[in-house]
Every structure is written in C-alpha cells, then in structure tokens.
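These notes concern the structure reproduced below.
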Amino acid sequence: MKVKENLTAVRKEIPARVKLIAVSKTKPVSMIMEAYEAGQRLFGENKAQELSEKYPQLPKDIRWHFIGHLQTNKVKYIAPFVAMIHSADSLKLLREINKQAVKNNRTIDCLLEFHIAEEASKFGLSLPEAEEILSDPLFQSLQNIRICGVMGMATYTDDTAQIHREFSRLREIFNALKTGYFSNKPEFKEISMGMSGDYKIAIEEGSTMVRIGSKIFGARGR
Ligand SMILES: *Cc1c(COP(=O)(O)O)cnc(C)c1O
C-alpha cells in the first residue's frame with residue numbers, strides 16, 4: 001500500500017477545519033511510521049491491548065484517539081497517554097476513565113458515543129440516556145474528564161439518503177447538548193463522524209473529525 005499517496009489524496013478532500021484521524025487498527029508499526037513521516041500525528045485504534053502494545057514503539061508526539069468499544073477493565077491500559085476517547089457510552093465507563101485519569105494525574109478528553117444508525121446492532125447512547133448521565137450529580141462530580149463532543153457511526157449501506165439522515169441526527173444531538181448542557185464549555189465542539197466509505201457525506205453534515213482507516217492503510221483482514 002502507498003500510505004503516503006493515499007494520505008495525500010484523502011487530505012485533499014478534507015477541509016482544514018476537519019481533523020483527520022488515521023485509523024491504524026490491525027496495521028503494523030511500520031505502516032504507522034509511513035504515515036507519521038508524511039506528517040500525520042492523529043491516529044485511531046479500537047483495541048486497548050493493541051494500542052498499549054503499539055504506543056511504546058512509536059514517537060511520543062503522536063496523539064492517540066481511542067475509537068472502539070471500551071470495557072471498563074481496559075481503561076487502565078490506555079489512560080496514561082490516550083489523547084481522546086471517542087466511545088464513552090455509559091456513566092460507569094466515564095467514572096472509570098475519571099478514576100484512571102486521577103491516578104495518572106491528568107484530564108482525559110472524551111466524546112459521548114451515540115447510536116445513530118437505523119439498524120439495531122451498533123453501540124451508543126440515545127439522547128435521553130445521555131441527558132440522564134449529564135444530569136446525574138455523580139457525573140457532575142467528575143473532575144478529570146472533559147466532554148469535548150459527540151461521536152457516531154452510520155449504517156454501512158449504499159443508501160446515501162439514509163447516511164445523510166443519520167449524520168444529520170448526530171449533528172442535531174450535538175446542537176441539543178451544546179445548548180442544554182455545554183453552552184459555556186468551548187471545548188464541547190467536536191462531531192466525530194465519517195469513515196472511509198462515508199466521510200464526504202459526514203463533512204457535508206458538519207463533521208469536525210473523520211476517522212479513516214482502509215482508504216489510507218488498505219483493507220483489513222478482520
Ligand atoms: C475501523 C473504524 C473506523 C475506520 O474504518 P474505515 O472504513 O477503514 O475507514 C472508523 N471508526 C471506527 C469506530 C472504527 O472502528
């Protein structure tokens with residue numbers, strides 16, 4: 001795979017206001033270094049163990065974004081260094097992230113993951129579930145996490161109208177939370193949506209962060 005060429009081609013299609021997370025899951029350190037040498041600094045991984053194995057082998061100015069489903073017992077492996085966790089989907093997980101952040105004497109940036117796909121199978125919160133968390137005094141006492149926005153995945157489909165609807169729903173959720181809970185929080189500004197197959201639609205719908213893997217690093221085995 002020509003990682004550098006792929007990266008250049010993808011960057012041309014992304015406006016400057018949108019951050020590109022290069023999703024390197026399942027890919028070797030050597031390929032990550034190719035992207036690094038082409039100037040890429042934001043990378044995404046979806047398994048805590050894989051990330052914690054890659055981290056020590058790679059330059060320390062990489063900002064690692066955790067994008068996969070995160071079990072509470074795995075938070076400790078990534079808490080010392082992770083730049084942002086995109087997949088916060090319960091109060092229990094947020095409390096554990098906060099606890100591990102305290103242990104590491106840092107604040108961890110998080111996004112709330114929403115279920116926006118019209119299909120049933122994906123992870124994520126509904127708007128009422130998120131509002132319940134945000135109103136909970138237990139959540140409000142967490143001092144070492146910063147909620148920076150929302151994340152979601154659209155259905156894997158050729159139906160572009162459906163993808164537009166789903167991403168537009170995530171933007172509405174973002175707007176509702178911004179108004180209701182984060183109007184005085186400038187850090188609440190991110191909408192993480194868009195992957196290799198649908199990032200152009202996501203950008204049209206207001207994405208601020210796209211998570212692109214196969215279009216940069218090639219198809220994955222799993
Ligand atoms: C794998 C993955 C991506 C990237 O997927 P591609 O289709 O390879 O671009 C983005 N977001 C999440 C949450 C992922 O797990």
Side-chain angles (χ1 to χ4, degrees), residues 1-14 18-28 31-32 34-35 38 40-52 54 62-71 74-75 78 82-90 93 97 109-125 148-160 162-163 166-167 169-171 173-174 190-222:
M1 283 308 295
K2 303 185 186 75
V3 171
K4 188 176 178 188
E5 284 83 346
N6 294 345
L7 199 50
T8 305
V10 168
R11 279 193 189 132
K12 282 203 182 107
E13 292 174 332
I14 297 177
V18 177
K19 293 188 247 323
L20 170 61
I21 318 285
V23 176
S24 51
K25 63 189 187 192
T26 79
K27 300 298 179 182
M31 287 180 90
I32 298 175
E34 277 183 66
Q40 184 66 27
R41 291 295 180 272
L42 310 181
F43 288 88
E45 290 278 340
N46 73 334
K47 297 256 190 313
Q49 184 168 342
E50 182 177 343
L51 175 52
S52 64
K54 285 174 172 172
I62 288 180
R63 296 186 55 77
W64 291 104
H65 286 243
F66 191 84
I67 61 171
H69 185 63
L70 183 56
Q71 291 168 283
K74 302 280 173 66
V75 176
I78 61 170
V82 72
M84 182 177 275
I85 295 174
H86 288 227
S87 45
D89 62 355
S90 70
L93 180 58
I97 296 170
D109 287 348
C110 297
L111 303 179
L112 297 174
E113 180 172 358
F114 284 87
H115 176 262
I116 53 166
E118 291 168 7
E119 66 188 11
S121 62
K122 299 248 165 75
F123 294 108
L125 297 160
C148 297
V150 300
M151 180 271 220
M153 287 167 82
T155 305
Y156 187 74
T157 172
D158 292 334
D159 183 347
T160 55
Q162 182 178 345
I163 299 171
E166 293 176 356
F167 285 150
R169 174 75 190 132
L170 187 59
R171 187 179 24 127
I173 289 170
F174 172 86
E190 304 294 357
I191 306 180
S192 169
M193 61 184 185
M195 309 179 19
S196 291
D198 57 20
Y199 66 93
K200 287 176 196 165
I201 298 176
I203 290 168
E204 286 171 29
E205 293 294 348
S207 173
T208 68
M209 282 183 167
V210 290
R211 311 176 309 268
I212 299 183
S214 46
K215 198 145 191 232
I216 296 171
F217 296 108
R220 288 176 301 271
R222 69 167 200 246

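Numbers for residues simply follow the sequence, beginning at 1. Order of listing sets the numbers, starting from 1, for every ligand and every atom in it.
- Atom CE of Met84 is separated from atom CG of Leu42 by 9.5 Å, given to the nearest 0.5 angstrom.
- Residue Leu51 holds its CG atom at 12.5 Å from NZ of Lys74, rounded to the nearest 0.5 Å.
- The distance from the CG atom of Leu20 to the NZ atom of Lys215 is 11.0 Å, given to the nearest 0.5 Å.
- Each of Val23, Lys25, Ile67, Met151, Met153, Met195, Ser196, Arg211, Ile212, Gly213, Ser214, Arg220 has a non-hydrogen atom positioned under 4.0 Å from some atom of ligand 1.
- Comment: Glu13 engages Lys200 in a salt bridge, judged by a side-chain N to carboxylate O separation of less than 4.0 angstrom.
- Legend: residues meeting side chain to side chain donor-acceptor pair (under 3.5 Å) with Lys54, ordered by chain and number and at least two apart, are Glu45, Glu50.
- For the pair Ala117 and Thr155, the tightest heavy-atom approach, listed with the atom from each and the gap, is CB-OG1, 3.3 Å.
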